[in-house]
Enquirer: 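After the structure tokens below, expect a handful of questions from me.
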Protein chains: 2
Amino acid sequence: MADKNCNETISQHGFRFTQQRREVFDALQGKNDHPTAVDVFIRVQKKLPGISLATVYNCLETLTECGLIRAVHHDRQPSRYCANLAPHAHFFCEDCGAVSDVPPGEAQAEAAGWQVPVGTIVTQREISFRGYCPDCAAAHQTLLS
Amino acid sequence: MADKNCNETISQHGFRFTQQRREVFDALQGKNDHPTAVDVFIRVQKKLPGISLATVYNCLETLTECGLIRAVHHDRQPSRYCANLAPHAHFFCEDCGAVSDVPPGEAQAEAAGWQVPVGTIVTQREISFRGYCPDCAAAHQTLLS
DNA sequence: CTAGGTGCAAAAGGTTTGCGGTTAA
DNA sequence: TTAACCGCAAACCTTTTGCACCTAG
């Protein structure tokens with residue numbers, strides 16, 4: 001069903017629904033980790049041994065353009081990809097490198113309160129947190145005590 | 001005076017206060033544009049014709065490590081650097097590529113309301129907006145009307 | 001049938017690094 | 001004096017591109 005939706009969306013954007021695009025899309029579904037292009041490449045290779053990394057990059061870009069997935073960036077590290085289309089922020093652990101989704105609270109639906117100049121049109125907002133995930137924070141605390 | 005402070009801070013971090021670091025630091029002071037490493041390189045060359053781009057990169061990293069400047073990233077575009085140490089967000093214009101600082105409003109001191117998992121330690125937060133700056137937004141409107 | 005997509009290999013572009021000579025402390 | 005730093009050039013790593021072949025519609 002996700003594939004059906006994917007197919008339709010891709011077609012609506014004037015692209016073809018190829019095996020490669022389907023597998024790249026599938027590789028992100030149902031996981032909430034945030035794989036890099038290379039990670040996706042490794043996953044998809046299990047289904048399509050002949051796929052090339054360049055094609056994975058191309059597919060990821062196409063899918064992003066179609067709004068089926070989202071690209072996530074942190075510093076200049078490799079791009080990561082995310083199938084969670086709901087509004088959310090990202091958390092990057094400085095220790096283990098894990099990337100996780102951060103859902104907004106009730107009161108946090110909009111980025112109210114930022115003094116964007118009058119006349120500005122904001123089309124997108126990105127919020128990211130950096131620090132230590134619960135596991136790594138606990139490990140730190142143990143070391144310090 | 002800014003230089004004096006810069007000198008002290010660099011020394012405190014165990015680094016040397018070299019001409020190159022001073023000029024790189026100075027190249028960012030008093031401007032609120034957000035130059036790339038190459039932009040800084042071009043500026044600093046006027047003062048130190050012999051400086052190399054690699055040194056500019058190294059200086060920018062050292063200064064960032066000392067907390068004297070801040071690195072700003074957007075997608076995988078070249079890193080930009082910012083001398084504004086006050087808490088603020090960034091706005092990236094999709095049309096003209098301008099990067100500007102966005103000060104927080106009164107009610108926006110913290111990014112409260114995000115459901116970070118219990119036990120997480122957040123050390124840094126980054127907020128960025130993308131869209132059209134007032135000038136480009138006006139241009140768009142003109143085209144559409 | 002054919003425009004668009006794929007695989008490959010090579011290039012691009014930003015950033016980092018190794019090394020011999022230089023300099024701030 | 002000497003460890004840190006600089007300039008240079010080469011390496012690195014992610015991402016993009018050109019081209020000949022292939023395939024979805």
Side-chain angles (χ1 to χ4, degrees), chain A residues 3-4 6-25 27 34-42 44-45 47-66 68-69 71-81 97 99, chain B residues 3-4 6-25 27 34-42 44-66 68-81 97 99:
Chain A
D3 278 7
K4 186 132 207 166
C6 173
N7 180 347
E8 280 174 17
T9 308
I10 287 181
S11 303
Q12 280 165 19
H13 283 256
F15 295 116
R16 286 191 194 160
F17 185 58
T18 65
Q19 255 185 99
Q20 290 82 351
R21 284 173 182 163
R22 179 163 56 82
E23 293 299 341
V24 167
F25 178 73
H34 295 73
T36 63
V38 172
D39 295 334
V40 173
F41 176 52
I42 291 168
V44 173
Q45 269 187 321
K47 295 287 192 70
L48 301 174
I51 199 169
S52 77
L53 179 56
T55 296
V56 171
Y57 272 106
N58 289 334
C59 291
L60 288 168
E61 194 189 330
T62 305
L63 293 169
T64 304
E65 209 178 316
C66 293
L68 287 163
I69 62 174
V72 177
H73 298 97
H74 183 236
D75 294 349
R76 287 208 98 240
Q77 287 174 18
S79 304
R80 294 170 171 276
Y81 298 87
V99 182
Chain B
D3 278 4
K4 185 133 207 168
C6 173
N7 181 347
E8 281 174 16
T9 308
I10 286 182
S11 303
Q12 280 164 20
H13 282 257
F15 295 116
R16 285 192 194 159
F17 185 58
T18 64
Q19 255 185 99
Q20 289 83 352
R21 284 173 182 162
R22 179 164 56 80
E23 292 299 343
V24 167
F25 178 74
H34 294 74
T36 63
V38 172
D39 294 334
V40 173
F41 177 53
I42 291 167
V44 174
Q45 269 187 321
K46 287 170 191 163
K47 294 288 191 69
L48 300 174
I51 199 169
S52 76
L53 179 55
T55 295
V56 171
Y57 272 107
N58 289 333
C59 292
L60 288 168
E61 195 190 328
T62 304
L63 293 170
T64 304
E65 209 178 315
C66 293
L68 287 163
I69 61 173
R70 204 181 282 183
V72 177
H73 298 98
H74 184 235
D75 294 351
R76 288 208 97 240
Q77 287 175 18
S79 304
R80 294 170 171 277
Y81 298 88
V99 181

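Below, read A as the first sequence line, B as the second, and so on, with proteins coming before strands; counting in each chain starts at 1. Side-chain atoms are counted along with the backbone in the values below, which use heavy atoms only and exclude waters and symmetry mates.
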Enquirer: Identify, with sequence neighbours excluded, every residue that meets side-chain hydrogen bond (donor to acceptor under 3.5 Å, both in side chains) alongside A:D39.
Expert: A:T36
Enquirer: If you assign each of A:G14 and B:F15 to its closest nucleotide in DNA chain C, which residue comes earlier from the 5' end?
Expert: A:G14
Enquirer: List the protein contact pattern of nucleotides 6-12 of chain C with one symbol per nucleotide (5' to 3'): B for base contact, S for sugar-phosphate-only contact, - for none; contact means a heavy-atom distance under 4.0 Å.
Expert: SBBB---
Enquirer: My understanding is that only residues two or more places apart in sequence, or in another chain, count here; which of them pass side-chain contact (heavy atoms from CB on, under 4.5 Å) with B:Q77?
Expert: B:H74
Enquirer: Nearest 0.5 Å, please: how far is CZ in B:F25 from CG in B:L68?
Expert: 5.0 Å
Enquirer: Over its full length, what angle do the end axes of the helix from C:dC1-D:dG25 to C:dA25-D:dT1 make, each axis taken from five pairs and the result rounded to 10 degrees?
Expert: 50°
Enquirer: Taking side-chain hydrogen bond (donor to acceptor under 3.5 Å, both in side chains) as the test, write out the residues that go with B:T62, two or more places apart.
Expert: none
Enquirer: Between C:dT17 atom C1' and B:Y57 atom OH, what is the distance in whole Å?
Expert: 14 Å
Enquirer: With heavy atoms of chain A within less than 4.0 Å as the criterion, where does contact along DNA chain D begin and end?
Expert: D:dT14 to D:dG25
Enquirer: Suppose we screen for side-chain hydrogen bond (donor to acceptor under 3.5 Å, both in side chains). Which residues come up paired with B:T18, at least two apart in sequence or across chains?
Expert: none
Enquirer: Would you check if B:E65 and B:F15 make a side-chain contact, meaning some heavy-atom pair closer than 4.5 Å?
Expert: yes
Enquirer: Quick one: B:E23 CD to C:dT23 P, roughly how many Å, whole number?
Expert: 16 Å
Enquirer: Between residues 71-79 of chain A and DNA chain D, which residues have a heavy-atom gap below 4.0 Å?
Expert: A:P78, A:S79
Enquirer: Tell me every residue that passes side-chain contact (heavy atoms from CB on, under 4.5 Å) with B:R70, counting only those two or more places apart in sequence or in another chain.
Expert: B:C82, B:H88
Enquirer: Show which side-chain atoms of residues 44-57 of chain B pair as donor or acceptor with protein atoms under 3.5 Å away, not counting sequence neighbours.
Expert:
from: B:S52; atom 1: OG; to: B:T55; atom 2: N; distance (Å): 3.2
from: B:S52; atom 1: OG; to: B:T55; atom 2: OG1; distance (Å): 3.1

